[in-house]
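The structure appears below as structure tokens.
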Amino acid sequence: MKMMKVVMKMMMMVVVLLPVLCGAARSCAESRRVYAENHGSIPAPQTLISGEHLRFCPRDYTCCSSHMEDTLTQHSQQHFLSAVRDSSHFLFSSFSHTHRRFDELFRKLIDVSEESMSEMFTHTYGRRYTQNAHIITQLFTDLRRYYTGGRVSLAEVLDDFWAGLLECVFSLLNPQYELSDDYLECVRKHSEQLLPFGDRPLKLHTQVSRAFTAARALVQALAAGREIVSKATQLRAGPECVRALMRQWFCPLCRGLPSLKPCHSLCLNIMKGCLANQADLNSEWNSFIDALTVVVEKLGGPFNFELAADAIAVTVSEGIMNMQENSISISAKVFQGCGIPRPVPGRNKRSAAERDAKPKFRSFRTEEKPSSGSGTDLDQLVQELQARLKPMRGFWLALPHTICSDEHTAADVTNEEQCWNGQTRGRYLPAVTADGLLNQLNNPELELDVSRPDTRTRQLMMELRAAIHTLRLAQHGRDTHFTDGELEPGSGSGGGASERFSDDWPEYTSFSSTRNTPVDKPLRPHGRPRPNDWLRPQDTPTNKKKIWLNGRSQSDALRPSPALPLMFCFTLCLCL
């Protein structure tokens, strides 16, 4: 009995001395120092105190007061949001950077194309072109409107352009006749049978619709990607997430072990729970990146925007040349279908200035070749974006791993024994849960309501699907708003059935990363369209202007044809 009393006294002494012994073994000095340096000036306890007041950390003896725990909880949330932003920064910056550079380059290519075409036509046709330059100006105005997102049909744009050009050139080739607005309208209606410009309208439509549709879809998708990343990373951590974040990052400090990092698997479970909604974006996100990659490749190859913009002037000149060469037969067919118009009174011969006019084509100089503001051309931008897109696939599933791989966030995956497992130092035993909201039912670190999908996440999925739809149509040269009308050029283009994509640029059977187009090489034909959703003052029936176009251009070189002036004079003589 006496021995039993002695044993009981010794046990009581151990119980009384245990906090003192623990305090000696786990001093709060290091926790006080770390807390003061990083979180605030409120002094931490000198020694371990009872943890009954704790709401997040284990209610054991602790170095944290209630105020300290609240402060650390706020810092854990801030640290989490900062980690998400830092990990996704390359995504946001990549979309922002490439969007700006592609947009600058596309706009500059359009500007240079218009300037080059105006200069070439001015040198070739002189005053007669400048008096009727509104036809070309309106074409480029409509192309810019389409590129910048206007609800414009490229097919209608091109049909209007070629129809207006047909009226002008037909009036040129028949200056001895009075051509009323009604008569010119009849000429326009016969264009489908006449094919006055040969196959150039169809070629122009095919090449321009591909290039402009792909370019617009690309810049819109890059802008959409930037906004989606921004929205997806603007998080508000829920109560369960905050509790788990505090438990993994700062409960070691409250236990007097501020340098102890959370186990890698513990970190993964908590991040997968906190980022469960982002993981649900992964499927649509990967489809978006894949569709974007295809459009980028097309822009660097068969849908090359730079070649399309370069070649508009040549294609239009070739169409005019075709009509001039066949002017007699075309006029005869028009007279047969629309009747012979009244002759112009007193017009017997052409002026000396008209007889002596000699068109001259010239090659583009090196300094006129367009490039981006930083000196990189389309091929280089395509390669740069392709390199940036590759690591973007699977980003949202990889985000928890990215965050937990940071040495400041969690212990190394190989350090399984000397890490914080949520309760103490030691191995983390639970398995790592799967990705996505539904799989968080099995997450041992968070209790999430998986029955209510996140509204913002569903909205982002819809935005991704809309972008994917636009990109997939653009892969085939089709526009979202004109999926039917854009398949075939209209009657005004002198085309026919829709052309398949078998006539891609000769050197672009596939994307070439080392394309170098010499300046003295031919500019390839391309085309453009414009919409008639508003009536332009220059095109009203009471304001029809005549334009003198007798130039010739060849697809294999931009050189003057010595025979062209003679041929044109001969043609007009026959008409007279």
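Just so it is clear, the structure is predicted and the values come from calculations on it, not from any experiment.
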Closest non-hydrogen atoms of Ser94 and Arg388, given as atom of the first, atom of the second and distance, are OG-NH1, 2.9 Å
- Query: So do the side chains of Ile228 and Trp285 get within less than 4.5 Å of each other, counting heavy atoms only?
  - Reply: yes
So CD of Glu119 and OG1 of Thr122: to nearest 0.5 Å the spacing works out to 8.0 Å
Is there a side-chain contact between Gln138 and Asp142 in this structure, where contact means two heavy atoms from C-beta onward sitting under 4.5 Å apart? yes
Between Phe197 and Trp162, ring centroids under 6.0 Å
yes
Using side-chain heavy atoms (C-beta onward) and a distance below 4.5 Å, is Val294 in contact with Leu471?
no
Residue pair Asp103, Arg107: steps toward the salt bridge (Lys or Arg N to Asp or Glu O under 4.0 Å) verdict: CA-CA 6 Å; Asp103 184 55; Arg107 290 174 184 269; 3.0 Å; yes
For the residue pair Phe335 and Phe170, categorise the inter-ring angle as parallel (less than 30°), tilted (30 to 60°) or perpendicular (more than 60°).
-> perpendicular
Tightest non-hydrogen contact, residues Leu109 and Ala309, listed as O-CB, 3.9 Å
message = Can you see whether Thr457 engages Asp280 through a side-chain donor-acceptor pair at a distance of less than 3.5 angstrom?
response = no
Residues passing the salt bridge (Lys or Arg N to Asp or Glu O under 4.0 Å) test with Arg85, sequence neighbours excluded, are none
Discussion item. Is any side-chain heavy atom of Leu184 closer than 4.5 Å to one of Ser171?
Written reply: yes
What one should report as the nearest heavy-atom pair of Asp435 and Ala279 is CB-CB, 4.3 Å
Nearest heavy-atom approach of Ser87 to Phe395 is O-CE1, 3.6 Å
Heavy-atom nearest pair, Arg226 first then Ser96, reads CD-OG, 3.1 Å
| task | With the side chain counted from C-beta on, respond yes when Asp379 and Glu306 share a heavy-atom pair under 4.5 Å apart, and no when they do not. | result | no
| Does the side-chain contact (heavy atoms from CB on, under 4.5 Å) test come out yes or no for Leu389 and Met392, once each step is laid out? | CA-CA 5 Å; Leu389 289 175; Met392 292 183 184; 3.8 Å; yes
**Side-chain heavy-atom pair Gln459, Lys231 within 4.5 angstrom cut-off** = no
Applying salt bridge (Lys or Arg N to Asp or Glu O under 4.0 Å) to Asp454 and not counting sequence neighbours gives none
- [ ] Return yes if a side-chain donor-acceptor contact under 3.5 Å exists between Ser230 and Gln234, otherwise no.
- [x] yes
Discussion item. Are the side chains of His99 and Val219 in contact, using a 4.5 Å heavy-atom criterion?
Written reply: yes
| message | Angle between ring planes, Tyr147 versus Phe305, binned at 30° and 60°: parallel, tilted or perpendicular? | response | tilted
Does any non-hydrogen side-chain atom of Glu384 lie less than 4.5 Å from one of Arg101?
yes
Across all chains, not counting sequence neighbours, the salt bridge (Lys or Arg N to Asp or Glu O under 4.0 Å) partners of Arg393 are Asp290
Output, in order, the C-alpha distance, side-chain angles, deciding distance and verdict of side-chain contact (heavy atoms from CB on, under 4.5 Å) for Leu378 and Phe102.
CA-CA 8 Å; Leu378 180 59; Phe102 270 105; 3.8 Å; yes
